[in-house]
Chemist: 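Below you will find the structure I want to go over with you.
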Amino acid sequence: MKKKIQEYLTYLTAEYIYIPYDKEELLSLPKDKYIYNNSSLGTLCNGHKIFSPVSGKIIGISEMDYVDSLKKCLVIENDFIDRREKLNPTRNINKLKKSEVIQSLEKYNLNKKINSKTTLVVNSFYDKKSDLKDMVINYESYEEILEAIDEFMNIFNMKTCYISIPSNDIVSTASYEKYINAFPNVCIVHSNNKFKDSTCAFYSVEEILAIYRAIHLDYLYDSVMFTINFNDNLTIVKVKVYTALFEILRALKIQYKNKKIIVNNKEISNIKSFVVDNNVRSVIIKE
């Protein structure tokens, strides 16, 4: 079924990408400093693998601000080609072994403790006044999300999935209700208070899309969506992960100089050093 797409702006052509890392000895970089889209660049201290969302040249290192802390990062000059070292064909999910699926989830840092007794909980909670990210993802991708959930549950023999949506989000609820009857083990709830960490696996709707891409294509989900609130006007933006915030605002012609910038309810001191990653949900610009 063809859907009318919810409007949002895309900025997938960042001049520079800032990929965080922990220690240089954990990096694995090519000698010529050229990296491909979806190429592995090493690991973080917690064992999570580092991937590049673009292709281009490593031109240096820098310290940049992210939502959680100041981090060292590789500075990549984007060549705007998104060249990949190899093109992965779409994999037939019915022919994949469970071990292969787990391997793909681990590769892209999406693996959690799951077995046949696990309840899958897909969280879609947000502040509608400043954060419309999940609503747009649900509206645009409800079919893909439901199909990905169904495949994921079948692989691990899970019996039930709950999609948690705010009770006042009629857009998301109406979107899922168009198709959810085809998935009897998936249902919508408006609270996740009853779910326990010990018996549930929690994912966001964006992570479900990342799981679909990892399993089917062996690719990183390399974009992120967030909401900009400027003069009470909400703009939803989709960008390459690890893009500098000031470059996004400049491209969108949003005035940010001499303004107060609040990201996820926390004021940032230097916008030119702030990088958008998967944790960013809302950016508020005030006088």
Side-chain angles (χ1 to χ4, degrees), residues 8-24 27 35 37 41-42 44-46 48 50-80 109 126-127 129-134 136-137 204 206-207 210 220-287:
Y8 60 85
L9 302 177
T10 60
Y11 183 65
L12 302 176
T13 53
E15 293 181 47
Y16 301 99
I17 293 293
Y18 303 88
I19 304 175
Y21 69 93
D22 292 331
K23 297 180 180 179
E24 289 187 24
L27 295 175
I35 60 173
N37 175 282
L41 304 177
L44 299 174
C45 287
N46 62 7
H48 284 184
I50 306 169
F51 291 90
S52 175
V54 300
S55 60
K57 197 88 170 179
I58 301 173
I59 61 171
I61 59 174
S62 182
E63 282 195 338
M64 301 291 280
D65 284 307
Y66 299 77
V67 167
D68 51 355
S69 65
L70 181 71
K71 299 178 183 180
K72 295 177 289 186
C73 63
L74 299 169
V75 184
I76 313 299
E77 186 175 26
N78 190 0
D79 63 10
F80 308 110
N109 312 315
Y126 55 92
D127 181 357
K129 294 180 181 178
S130 61
D131 174 14
L132 299 179
K133 168 180 177 174
D134 280 16
V136 174
I137 292 174
S204 68
E206 197 167 44
E207 285 177 323
L220 170 74
Y221 190 75
D222 59 9
S223 62
V224 61
M225 194 177 284
F226 66 98
T227 305
I228 300 173
N229 185 333
F230 179 53
N231 292 334
D232 293 325
N233 293 315
L234 300 183
T235 303
I236 305 149
V237 187
K238 186 176 184 178
V239 303
K240 283 283 190 180
V241 66
Y242 305 136
T243 302
L245 178 57
F246 88 92
E247 185 179 339
I248 299 166
L249 298 180
R250 184 182 62 191
L252 299 178
K253 295 183 170 52
I254 294 176
Q255 296 298 319
Y256 62 87
K257 293 183 179 178
N258 302 317
K259 301 283 195 303
K260 182 185 291 187
I261 311 294
I262 300 170
V263 179
N264 290 9
N265 298 317
K266 179 182 178 181
E267 186 174 355
I268 62 174
S269 57
N270 184 4
I271 188 173
K272 289 206 170 181
S273 71
F274 189 83
V275 178
V276 173
D277 63 11
N278 298 96
N279 296 310
V280 172
R281 297 192 65 92
S282 69
V283 174
I284 300 174
I285 304 172
K286 294 183 175 181
E287 295 294 340

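Numbering of residues begins at 1 and proceeds along the displayed sequence. Only heavy atoms go into these numbers, but all of them, side chains included; no hydrogens, no water, no symmetry mates.
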Chemist: Check whether any side-chain heavy atom of V241 sits under 4.5 Å from a side-chain heavy atom of V276, and report yes or no.
Modeler: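 They are not in contact (no side-chain heavy atoms under 4.5 Å apart), so the answer is no.
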Chemist: When you check the gap from the basic side-chain N to the acidic O, do D222 and K240 get nearer than 4.0 Å?
Modeler: yes
Chemist: Given side chains that start at C-beta, do those of K260 and E287 come closer than 4.5 Å, heavy atoms only?
Modeler: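 Heavy-atom side-chain distance check fails, nothing below 4.5 Å.
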Chemist: Verify, without hydrogens or angle tests, whether N231 (side chain) and N233 (backbone) share a donor-acceptor contact under 3.5 angstrom.
Modeler: no
Chemist: Charged N to carboxylate O below 4.0 Å: is that the case for K72 and E24?
Modeler: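 The answer is no: the pair does not qualify as a salt bridge.
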Chemist: Indicate the atoms forming the closest heavy-atom contact of F226 with V280, along with that distance.
Modeler: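 Closest approach of F226 to V280, heavy atoms only: CB-O, 3.8 Å.
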Chemist: Nearest 0.5 Å please: distance from the CD1 atom of I262 over to the CG atom of N229.
Modeler: 9.5 Å
Chemist: Minimum heavy-atom separation for S55 to D79, with atom names?
Modeler: OG-OD1, 2.6 Å
Chemist: May I have the step-by-step check of side-chain contact (heavy atoms from CB on, under 4.5 Å) for L234 and I228, ending in yes or no?
Modeler: CA-CA 6 Å; L234 300 183; I228 300 173; over 6 Å; no
Chemist: Quick one: OH on Y21 to CD1 on I50, what's the gap to the nearest 0.5 Å?
Modeler: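 Taking OH in Y21 and CD1 in I50, the distance rounds to 9.5 Å.
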Chemist: Shortest non-hydrogen contact from Y242 to Y66?
Modeler: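 Closest approach of Y242 to Y66, heavy atoms only: CD2-CE2, 4.3 Å.
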Chemist: Taking it one step at a time, do S273 and D65 satisfy side-chain hydrogen bond (donor to acceptor under 3.5 Å, both in side chains)?
Modeler: CA-CA 6 Å; S273 71; D65 284 307; 2.8 Å; yes
Chemist: Treating E247 as the side-chain partner and E15 as the backbone partner, does any N or O pair qualify as donor plus acceptor under 3.5 Å?
Modeler: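 Looks like yes, one N/O pair under 3.5 Å.
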Chemist: Between I271 and L249, is any pair of side-chain heavy atoms under 4.5 Å apart?
Modeler: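 In short, these two side chains touch, coming nearer than 4.5 Å.
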Chemist: Which heavy-atom pair separates N278 from S223 by the least distance, and what is that distance?
Modeler: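 Looks like ND2-O, 4.1 Å.
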Chemist: For the NZ atom of K133 and the CE atom of M225, what is their distance to the nearest 0.5 Å?
Modeler: 8.5 Å
Chemist: Measuring only between side-chain heavy atoms, which start at C-beta, is I248 closer than 4.5 Å to R250?
Modeler: no
Chemist: Please report the interatomic distance CD1(I59) to CG(L74), rounded to the nearest 0.5 Å.
Modeler: 11.0 Å
Chemist: Does L44 offer a backbone N or O that forms a donor-acceptor pair with the side chain of D22 under 3.5 Å?
Modeler: no
Chemist: Looking at S282, is its backbone amide N or carbonyl O close enough to the side chain of D131 to form a donor-acceptor pair, meaning the two atoms are under 3.5 Å apart?
Modeler: no
Chemist: Just wondering, do I268 and L245 contact through their side chains at under 4.5 Å, heavy atoms?
Modeler: yes
Chemist: What's the shortest heavy-atom distance between D277 and V224, and which atoms?
Modeler: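 Minimum heavy-atom contact is O-CG2, 3.6 Å.
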Chemist: When you measure from the side chain of T227 to the backbone N and O of L132, does any donor-acceptor pair fall under 3.5 Å?
Modeler: yes
Chemist: State whether the side chain of T10 and the backbone N or O of L12 hold a donor-acceptor pair below 3.5 Å, judged by distance alone.
Modeler: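 No, T10 side chain to L12 backbone: no donor-acceptor pair under 3.5 Å.
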Chemist: Does the pair F274 and V67 meet the rule for a side-chain contact (heavy atoms from CB on, under 4.5 Å), with working shown?
Modeler: CA-CA 8 Å; F274 189 83; V67 167; 3.9 Å; yes
Chemist: N37 vs S52, test: side-chain contact (heavy atoms from CB on, under 4.5 Å). Steps then yes/no.
Modeler: CA-CA 6 Å; N37 175 282; S52 175; 6.0 Å; no
Chemist: Looking at every non-hydrogen atom in both residues, tell me the closest pair between F80 and T13 and how far apart they are.
Modeler: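 Minimum heavy-atom separation between F80 and T13: CE2-O, 3.3 Å.
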Chemist: Can you list the residues that meet the salt bridge (Lys or Arg N to Asp or Glu O under 4.0 Å) rule with D68, with sequence neighbours excluded?
Modeler: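 Testing D68 for salt bridge (Lys or Arg N to Asp or Glu O under 4.0 Å), a comparison that skips the adjacent residues, returns K71.
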Chemist: Between N279 and R281 (side chain of the first, backbone of the second, donor and acceptor by atom type, cut-off under 3.5 Å), is there such a pair?
Modeler: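 It does not hold such a pair.
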Chemist: Measuring from atom CD1 of I285 to atom CD1 of I261, what distance do you get when rounded to the nearest 0.5 angstrom?
Modeler: 4.5 Å
Chemist: CD1 of I236 to OH of Y8: how many Å apart, nearest 0.5 Å?
Modeler: 10.0 Å
Chemist: Assess the residue pair V75 and I58 against the criterion (side-chain contact (heavy atoms from CB on, under 4.5 Å)); give the C-alpha distance rounded to whole Å, side-chain angles, the decisive distance to 0.1 Å, and a yes or no.
Modeler: CA-CA 6 Å; V75 184; I58 301 173; over 6 Å; no
Chemist: Taking atom types as modelled, is there a side-chain donor on Y221 or E207 under 3.5 Å from an acceptor on the other?
Modeler: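 Y221 vs E207: no donor-acceptor pair found between side chains.
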Chemist: Counting only heavy atoms not in K286 (residues, nucleotides, ligands), do more than 12 fall under 6.0 Å from its NZ?
Modeler: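 Atom NZ in K286 is not packed in, count stays at 12 or less.
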Chemist: For F246, is the NZ or CZ atom of K272 found under 6.0 angstrom from the centre of its six-membered ring and inside 45 degrees of the ring axis?
Modeler: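 So K272 does make the cation-pi contact.
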Chemist: Quick one: are Y16 and E77 in side-chain contact, heavy atoms under 4.5 Å?
Modeler: yes
Chemist: For residues V275 and C73, determine if any side-chain heavy atom of one lies less than 4.5 Å from a side-chain heavy atom of the other.
Modeler: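 When only atoms from C-beta onward are counted, C73 and V275 do not touch, as no gap falls below 4.5 Å.
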